[in-house]
Structures are given as structure tokens and as C-alpha cells.
Amino acid sequence: MGGTQITIPNPPPLPSHLPDNVLDLAVQIERKKLPDHVRESLRAFQRAGCYIAASMIFLRDNVLLQDELQLSHIKPRLLGHWGTCPGLILVWSHLNVLIRNHNLDMIYVIGPGHGAPAALASLWLEGSLERFYPGEYDRNATGLRNLITRFSVPGGFPSHINAETPGSIHEGGELGYALAVSFGAVMDNPDLIVTCVVGDGEAETGPTATAWHAIKYLDPKESGAVIPILHVNGFKISERTIFGCMDDKEIACLFSGYGYQVRIVEDLENINDDLQSSLEWAVAEIKKIQKAAREDKPIVKPRWPMIVLRTPKGWTGPKEVEGQIIEGSFHSHQVPLPKAASDEKQLQALDGWLSSYKISELLDDEGKPTEAISRGLPEPEKRLGQLKTTYDPYTPLKMIDWKQFGVEKGIDESCMKTAGKFLDKLFQENPKTLRLFSPDELESNKLNAILDHTQRDFQWDEYSRAHGGRVIEVLSEHNCQGFMQGYTLTGRTALFPSYESFLGIVHTMMVQYSKFVKIAREVPWRGDLASINYIETSTWARQEHNGFSHQNPSFIGAVLNLKAEAARVYLPPDANCFLSTVHHVMKSKNKTNLIIGSKQPTAVYLSPAEAAEHCRQGASIWHFASSPDPDSAGESVQDPDVVLVGIGVEVTFEVIKAAELLRSIAPALKIRVVNVTDLMILIEESKHPHSLSKPKFIETFTADRPVLFNYHGYPTELQGLLFGREKAERMDVEGYQEEGSTTTPFDMMLRNRVSRFDVARWALKRGAERNGEVKGKLEGLLGEVDRRVKEVREFIGNEGKDPDDIYQLPKFE
């Protein structure tokens with residue numbers, strides 16, 4: 001059976017069974033008639049914007065229709081999305097008026113990022129493309145020709161909004177994140193308003209569904225505001241949308257329950273009067289809420305304004321082509337006339353469509369927008385494409401000395417507790433430019449020292465509202481990521497701690513953001529940004545109590561797949577190294593930083609000074625745990641039989657304990673112990689900025705001795721990093737093997753073959769290949785290791801816990 005075809009354009013939703021009086025929830029306002037000159041300016045901008053947007057999809061020549069349109073004037077590959085463009089241009093034109101009327105600082109976040117033609121057309125009309133791309137996209141006939149003919153072809157703008165688009169703070173590919181990003185942008189930006197258009201297809205996504213609740217975390221005393229516009233044009237790529245099939249009663253009930261005042265704009269005959277009056281109402285409501293809060297009389301559960309805009313998909317485009325409804329249907333989503341380059345009828349339809357905008361009336365003889373358009377624009381620095389907050393906003397943190405929070409080596413201490421004390425002070429020093437976003441895990445992850453001098457920020461909770469809290473805890477990783485992105489892209493710094501296993505929820509959000517930053521680094525007019533910073537804890541190695549579902553280190557691989565100039569993965573081995581690393585990433589720029597540490601007390605191997613040097617190098621030989629050099633006090637052997645490498649807190653402890661065991665049962669075995677804290681140093685020289693040079697790699701790991709990497713993550717990740725290194729075949733990797741359950745911490749080590757006994761067994765076997773004394777005793781030594789494994793397993797099975805001495809600090813005589 002074929003797909004269902006609509007029989008009328010823009011079909012209305014089926015009626016609901018809700019009582020009619022719920023429509024009282026929808027805001028009714030006095031709709032004011034616009035002055036004629038304002039209406040004329042709006043219509044001129046809208047006509048010109050729609051013409052340019054449509055032409056960008058189709059035309060390779062004759063861009064102003066000065067000649068008869070021919071097949072040869074059409075691009076060979078028709079790329080772009082028309083359906084959302086008219087609505088986006090409509091909103092853009094009205095935001096210009098709003099900014100002029102109130103001298104606003106405003107950002108326009110476009111959720112339907114595939115509507116790039118709308119944004120680019122508007123940016124050309126307002127002169128922002130000319131400012132940032134002088135000589136290429138000037139406001140004249142040549143600049144317009146360049147814009148139209150280069151769109152979606154190599155060397156031109158891509159089909160989706162990205163960092164090359166002036167005014168953008170949101171990668172426009174994957175849908176769902178625009179609203180959370182918008183709210184993150186206005187936090188601690190009290191004078192900023194972000195207007196965020198959410199497409200009704202995007203509104204079906206999980207991230208958007210939870211982002212509507214962001215108003216509950218917005219303190220109007222210290223932050224700006226978001227005007228959400230749910231753009232209901234009724235269709236996705238090939239089907240109707242959920243919100244397009246909801247009537248006004250259902251819409252009003254849903255968003256009123258979320259905490260909004262809902263204004264529905266749908267009078268197509270008077271759309272300009274209706275939309276402008278509604279935007280003026282929204283700004284007035286925002287100012288009322290903010291004024292009360294800033295006079296220390298905050299409104300409890302303020303109802304923030306939002307707009308639901310109902311316009312036809314592909315509005316002003318072709319009505320019908322070859323018997324198919326186009327305007328007001330999914331057929332207008334992408335390219336309404338897909339055969340325009342080969343079919344005369346579709347070419348004629350395109351000619352009629354583009355001619356309907358009468359572009360010659362809107363551009364002067366030089367191809368510059370007429371006075372009817374230009375008089376409606378804000379001052380240049382206030383235009384949507386030129387607000388400095390969107391392209392050069394970075395404010396570095398006031399940093400503090402981390403060493404004052406360091407701990408004594410030779411004790412057990414939690415990485416997270418130590419870091420929490422440091423971050424508490426950092427928040428005190430940066431009360432308006434630093435925030436932490438966490439999915440309800442701060443206490444569990446033992447970072448609660450942060451709350452010693454700040455609070456949570458949850459405006460609907462009587463105990464957390466109106467206190468200027470720096471911590472937002474919401475059990476939506478998508479919201480945390482979106483808030484962090486918006487906050488960072490507008491110049492501040494954020495931190496996102498999480499259970500290790502659940503950071504993967506935002507994998508693709510992180511990738512989309514990193515793509516944006518990659519391109520931003522290639523755009524000369526964009527400035528630096530703080531890095532985005534993740535802390536992974538509650539790792540698989542200590543999630544034995546929660547079980548298999550909580551054991552997943554895969555986010556490491558997600559970061560490793562990013563471009564080398566952005567990706568940073570750190571696995572500091574103890575509390576002092578963790579402190580040093582957190583200090584480093586909080587002042588870094590333009591990176592995606594992932595730090596992995598333990599919340600449980602673990603061994604501290606290095607003093608603060610030693611930790612600083614170890615982290616600077618990224619890896620070092622740990623002489624204290626290696627076989628001593630009899631000829632050099634404090635140094636280890638220069639010609640080890642084997643090299644044992646720990647990467648990660650718990651697995652490093654197992655390496656150290658293996659070295660302790662081997663020194664006891666096989667003192668003739670010469671061992672080198674190495675710790676790697678910066679994962680990227682392992683990558684082949686020249687392929688990453690942090691890569692160890694070949695001589696330094698050989699100095700650390702030897703040129704030819706067997707090496708075992710006891711690694712926190714999946715072994716294949718590390719094997720990929722080591723590919724290309726000197727004699728990589730001598731290097732073995734053990735790591736998380738996707739084995740787990742509700743069990744004991746040490747049983748997790750045994751199950752995944754990263755325990756001290758597994759490391760010792762490997763060292764004995766490989767060491768025996770070149771050490772005759774070990775070879776002669778190998779069978780007995782392996783038997784001793786197996787005996788100890790059996791003893792521990794029996795204890796765990798009988799007692800339901802690990803042996804009491806299993807985590808005693810290692811001692812080397």
C-alpha cells in the first residue's frame with residue numbers, strides 16, 4: 001500500500017475532546033496595526049529574502065532573472081531545504097523591528113538548521129555577510145551572484161547553518177538542541193534575549209522535549225531570557241508532525257502546564273500585525289519578570305512567554321506541480337521542483353515562482369537592497385549577524401593555584417573530593433563566568449564541596465531559587481550538554497561531571513558541537529572559546545554495586561574520533577594529578593576535554609610538584625615501582641625485561657600491585673612501570689600535538705621490550721592509538737572486556753583481565769622469553785599466581801566482599 005496523500009494543503013488538526021474553555025489559557029492581546037512604512041519594510045525584506053533563498057537552491061546563472069530562464073541556468077545538483085525558509089525569514093524581519101524598537105542585544109537561534117538559505121539571505125540583506133566576507137558577498141550584484149551560485153557547491157556555504165554563518169551559535173545539522181543551547185546562552189547574560197525557533201519536527205525529539213523545562217532553571221535576576229517560537233508548519237520530510245496534528249486547545253494546555261504563557265499566531269492575512277504585536281507582548285512580559293527579580297521581589301514560578309507560529313510549509317512557493325500539492329505539504333520540505341534542470345514544465349513553474357517576488361523592485365541598479373529594506377534594519381552592531389557575543393565573546397577565568405589543595409603522597413584520597421575543594425574556590429573567584437551542569441549526581445560523585453559557597457539553581461524549588469547558585473542539576477544529559485554549549489559559545493566556561501556510563505547519551509551532541517568549533521577555528525573572524533570540559537567518574541571499575549548497565553567507558557572512543565587539534569583525553573592516576581589536570585583544562589581553549597577519575601579514595605603516588613611535572617610530560621617512568629638500578633640510587637633498571645603501563649586510576653593501582661607482587665615472588669624479573677595520564681601522547685609522532693617524539697617514546701617504553709598497557713577503556717581504542725609506533729607488535733593491551741555484574745570491585749578487575757594477577761602472569765610469561773632465571777622457575781611462579789587468584793575468588797564467593805588487604809597501599813623495600 002502506498003503512502004497516504006493529503007487532499008488539501010495545510011490540513012488542520014483533528015479536533016480534540018478537551019473542553020472549549022481551555023482556550024482561555026492561550027494569551028489574547030490587543031493586536032496593533034503596524035504603520036504603513038513598517039509594514040512595507042517588512043514585506044520588502046520578506047520578499048527579497050524568499051527570492052534569494054529559493055534562488056540559492058536552484059540558480060547557477062541569471063540570478064536576477066534579467067534574461068529568459070533556461071535549463072542551463074539551473075544547478076546540476078539541487079541541494080537545500082525550502083519548506084522552513086519563509087517562516088524563518090518572516091521571524092528575522094520582525095526581530096529587526098523588535099531590536100530597533102528596544103535597542104536589544106539579541107541572538108537568533110534557528111533550530112531547523114537546514115534552513116540555511118533563509119539565514120544566508122537575511123544576512124546578505126542586512127550586510128553581515130559583507131562585513132565578515134568583504135569582497136565576496138558584498139551588497140551588490142556581484143556579491144549576490146556569488147551567494148546564490150556558490151550555495152551548496154564546493155567553496156560556498158554549506159546547506160546547513162554552521163560556524164561560517166555570522167550570528168550562529170548552533171550547529172544546524174542534528175535536530176533537537178537549539179532550545180537548550182539558547183537557554184545556556186542567556187545564563188549570566190542579563191541583557192541578552194535569544195529568540196529560538198523550534199521546528200515542529202525538531203520538537204518531536206527527546207532533547208527538545210526536556211529543554212522546554214529550562215525556564216525552571218533561569219534566574220531572571222542574573223540571566224537574560226529566551227523567546228521560544230514553536231514553528232508549526234505541519235510536516236517533516238514526508239509525514240505530518242505531532243504538533244501539526246494538535247489543535248490550539250491541546251497546544252495551550254501542554255505549554256501552559258510546562259509553565260509558559262502561550263501566544264498562538266496564525267492569522268495569515270494579517271500575519272505581520274499579529275507576529276509583531278506578539279513579539280512586543282513577549283518582550284514586555286520578560287521585562288516585567290526581570291524587573292521584579294532585580295528589585296528583589298521575584299515572582300514565584302513566573303510564566304515566561306512563548307509563541308506558537310502556524311504558517312504553511314513552503315509558504316509563497318509553488319502551490320501545485322504535476323497534480324501534487326506543494327505549498328502546505330511535505331513536498332515543499334527540500335526541493336519543491338526536483339526536475340527543474342531537465343523538465344520544461346518545472347522550469348516554467350520555477351520561473352513563475354521566482355518572478356512572483358518581483359526582485360527588481362527590491363534591489364537598485366547596483367544590486368543593493370533598496371531603502372525600503374535598509375530602513376528596517378537595526379544599527380550594525382545590533383544586527384543578528386553582528387552581535388559580538390556570537391563571534392568574539394571569550395572571557396577567561398581568573399585562575400587560582402591548585403597546589404594549595406594538593407594532598408600528601410602515600411595516603412588514600414578521592415580525586416573527586418580533592419577536585420571539589422579546588423572548584424569551590426574557583427567558583428568563588430568567578431561568580432558570573434563559570435557554571436556546572438550535572439545530571440543529579442554531584443553528591444554521588446563526591447563533588448559536593450562545590451556547594452560550600454554556592455548553591456543549586458532550580459527556580460521552581462523554594463529551597464534553591466533566587467540564590468544565584470552556580471550549579472544546575474537536571475536529570476537530562478541533553479539539557480546539561482545544551483546548556484554547556486550555549487554558555488561556552490557566548491564566552492564563558494562550564495563543567496559537566498557525570499557517571500561514566502551515561503555520558504554516551506550526549507555522544508552525537510558533543511560531536512556536533514566539536515564540528516562547529518572545528519569550523520570556527522578556520523574562520524578568521526571568530527575568536528577563541530573556552531574548552532568544553534567533561535569529568536567522568538563513577539566508572540565501570542567502581543560501579544560493581546549498580547551492575548552491568550552502569551559499566552560503559554565508550555565515551556572515550558567518541559572523543560578520540562574527533563580531530564587531533566580538539567580531542568583531549570586524560571586519565572590522571574591520583575588526586576594530585578587529577579587536580580593538576582582540572583586546573584589545566586579549565587584554562588584551555590577550543591578543546592573537547594575528557595577527564596576520568598575515581599570518586600573513591602585511592603592511592604596518592606605523587607606529591608603536588610611531582611604531579612605537575614608528570615602531567616606536563618603526559619607520561620613518565622615510575623622508578624619507585626620499577627626494578628631498582630643497583631648502580632644508580634633512586635633510578636630503575638635501564639634494560640627491563642618487560643614494561644608495565646597503567647592508564648587509569650584503578651588499573652594503574654593493579655599495575656603497581658603487580659609490580660609489588662613480582663618483586664616478592666620473582667625478584668630476578670626486571671620491570672619498568674610507566675604511567676600515562678595524557679592518552680594522546682601515545683599517538684604516532686606528528687599525528688597529534690601531544691604525541692611523544694620517537695626518541696622520547698623509545699626512552700619511555702624502550703625500543704624492543706614487551707609492553708603491556710593495562711587500560712581503563714576498550715582495548716581496541718588503545719590499539720588504534722598505538723598503530724604506527726615502533727614495533728607495535730610487541731605491545732599488548734588489556735582493558736574493559738564488556739564483562740560485568742553486581743559484584744565486588746576486585747572481581748571486576750578479575751572478570752576483565754586487568755587485575756594484578758593478570759598483569760603478573762603476563763609479565764612472567766613475556767619476561768621469561770629473555771630472562772633465563774625466570775624461565776627456569778616459570779611454571780612454579782605461574783602456579784603461585786594462580787593459587788592467589790583461587791584464594792581471592794573463594795574469599796569473594798564465600799564472604800561477598802573483597803579481602804580486607806586487597807587495597808592496601810603498595811610497599812617496595
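Quick caveat: nothing in here was measured; it's all calculated off a predicted structure. What's counted below: heavy atoms across the whole structure, side chains too, no hydrogens, waters or symmetry copies.
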Any T389 side-chain heavy atom under 4.5 Å of D105 side chain: no

From L88 atom CG to I161 atom CD1, the distance as rounded to the nearest 0.5 Å: 7.0 Å

Shortest non-hydrogen contact between T370 and E361, atoms and distance: CG2-O, 3.7 Å

Pair E285 + K288, salt bridge at N-O below 4.0 Å: yes

Polar side-chain atom of R240 near backbone of P11 as donor-acceptor pair, under 3.5 Å: yes

Plane angle bin for W92 and Y108 - parallel if under 30°, tilted between 30 and 60°, otherwise perpendicular: perpendicular

Heavy-atom check, side chain of L65 versus side chain of I359, under 4.5 Å: no

Residues N189, V194; criterion side chain to side chain contact (heavy atoms under 4.5 Å, CB included); working and verdict: CA-CA 10 Å; N189 261 331; V194 174; over 6 Å; no

Polar contact flag, side-chain donor to acceptor under 3.5 angstrom, H333-K313: yes

Spacing of NE2 belonging to H213 relative to CZ belonging to F458, to within rounding of 0.5 Å: 10.0 Å

Smallest separation among heavy atoms of E202 and V197, with atom names: OE1-O, 4.2 Å

4.5 Å side-chain heavy-atom contact, N103 and K382: yes

Test item: R100 side-chain N/O and R375 main-chain N/O as donor-acceptor pair under 3.5 Å: yes

Residue pair V321, H331: steps toward the side chain to side chain contact (heavy atoms under 4.5 Å, CB included) verdict: CA-CA 10 Å; V321 174; H331 292 294; over 6 Å; no

Residue of the set F183, F255, F243 for which ring pair (Phe, Tyr, Trp, His ring centres under 6.0 Å) holds with W212: F255

Any P312 side-chain heavy atom under 4.5 Å of F235 side chain: no

Whether E204 side chain and I242 backbone form a donor-acceptor pair below 3.5 Å: yes

K236/F330 under side chain to side chain contact (heavy atoms under 4.5 Å, CB included): CA gap, chis, key distance, verdict: CA-CA 6 Å; K236 304 188 285 281; F330 66 82; over 6 Å; no

Exam field: side chain S355 to backbone G352, donor-acceptor pair closer than 3.5 Å: no

Close side-chain approach of L362 to Y51, heavy-atom, < 4.5 Å: no

Backbone of T210 reached by a side-chain donor or acceptor of N479 within 3.5 Å: yes

Basic-acidic side-chain contact under 4.0 Å: E280, K32: no

Donor-acceptor contact below 3.5 Å, side chain S332 vs main chain G83: no

Value rounded to 0.5 Å, distance of OH in Y357 from CD1 in I52: 11.5 Å

Presence of salt bridge, R39 and D273, under 4.0 angstrom: yes

Modelled atom types, side-chain donor and acceptor of Q386 and S128, under 3.5 Å: yes

T390 (side chain) donor-acceptor with L387 (main chain) under 3.5 angstrom: yes

Nearest-0.5 Å distance that lies between atom OH in Y487 and atom CG in D188: 3.5 Å

Rounded distance [0.5 Å steps], NZ in K339 versus CG in L347: 13.0 Å

Check: E171/H160 side-chain N/O donor and acceptor closer than 3.5 Å: no

Distance, nearest 0.5 Å, that separates CG of L18 from CD1 of I251: 11.5 Å

NZ/K515: more than 12 non-hydrogen atoms of other groups inside 6.0 Å: no

G87 versus T311, closest heavy-atom pair with distance: CA-OG1, 4.5 Å

Note, L147 side chain near V63 side chain (heavy atom, < 4.5 Å): no

Whether over 12 other heavy atoms sit under 6.0 Å from D461 CG: yes

Residues, nucleotides or ligands: over 12 heavy atoms within 6.0 Å of K368 NZ: no

Donor-acceptor under 3.5 Å (S223 side chain, P220 main chain): no

Heavy-atom side-chain contact between V335 and L79 under 4.5 Å: no

Partner of R263 under side chain to side chain contact (heavy atoms under 4.5 Å, CB included), chosen from D274, I229, L275: D274

S168 side chain near F516 side chain, heavy-atom distance below 4.5 Å: yes

Nearest atoms (heavy-atom pairs only) where S256 meets R303: OG-NH2, 3.7 Å

Return all side-chain donor-acceptor pairs below 3.5 angstrom for residues 116-125, not counting sequence neighbours, or 'none' if the list is empty.
unit_1: S122; atom_1: OG; unit_2: A118; atom_2: O; d: 2.9
unit_1: W124; atom_1: NE1; unit_2: D138; atom_2: O; d: 2.9

Nearest atoms (heavy-atom pairs only) where A520 meets A163: N-CB, 3.5 Å

Working for side chain to side chain contact (heavy atoms under 4.5 Å, CB included), residues R310 and D248: CA-CA 10 Å; R310 292 189 185 271; D248 288 352; 3.1 Å; yes

N233 backbone acceptor or donor facing D200 side chain under 3.5 Å: yes

Audit row: S159, H81, side-chain hydrogen bond (donor to acceptor under 3.5 Å, both in side chains) steps and yes/no: CA-CA 8 Å; S159 64; H81 296 74; 5.3 Å; no

Among F151, F157, F132, the one residue meeting ring pair (Phe, Tyr, Trp, His ring centres under 6.0 Å) with Y137: F157

W460 backbone acceptor or donor facing R465 side chain under 3.5 Å: no

Nearest heavy-atom neighbours spanning Y260 and P305: CD2-O, 4.2 Å

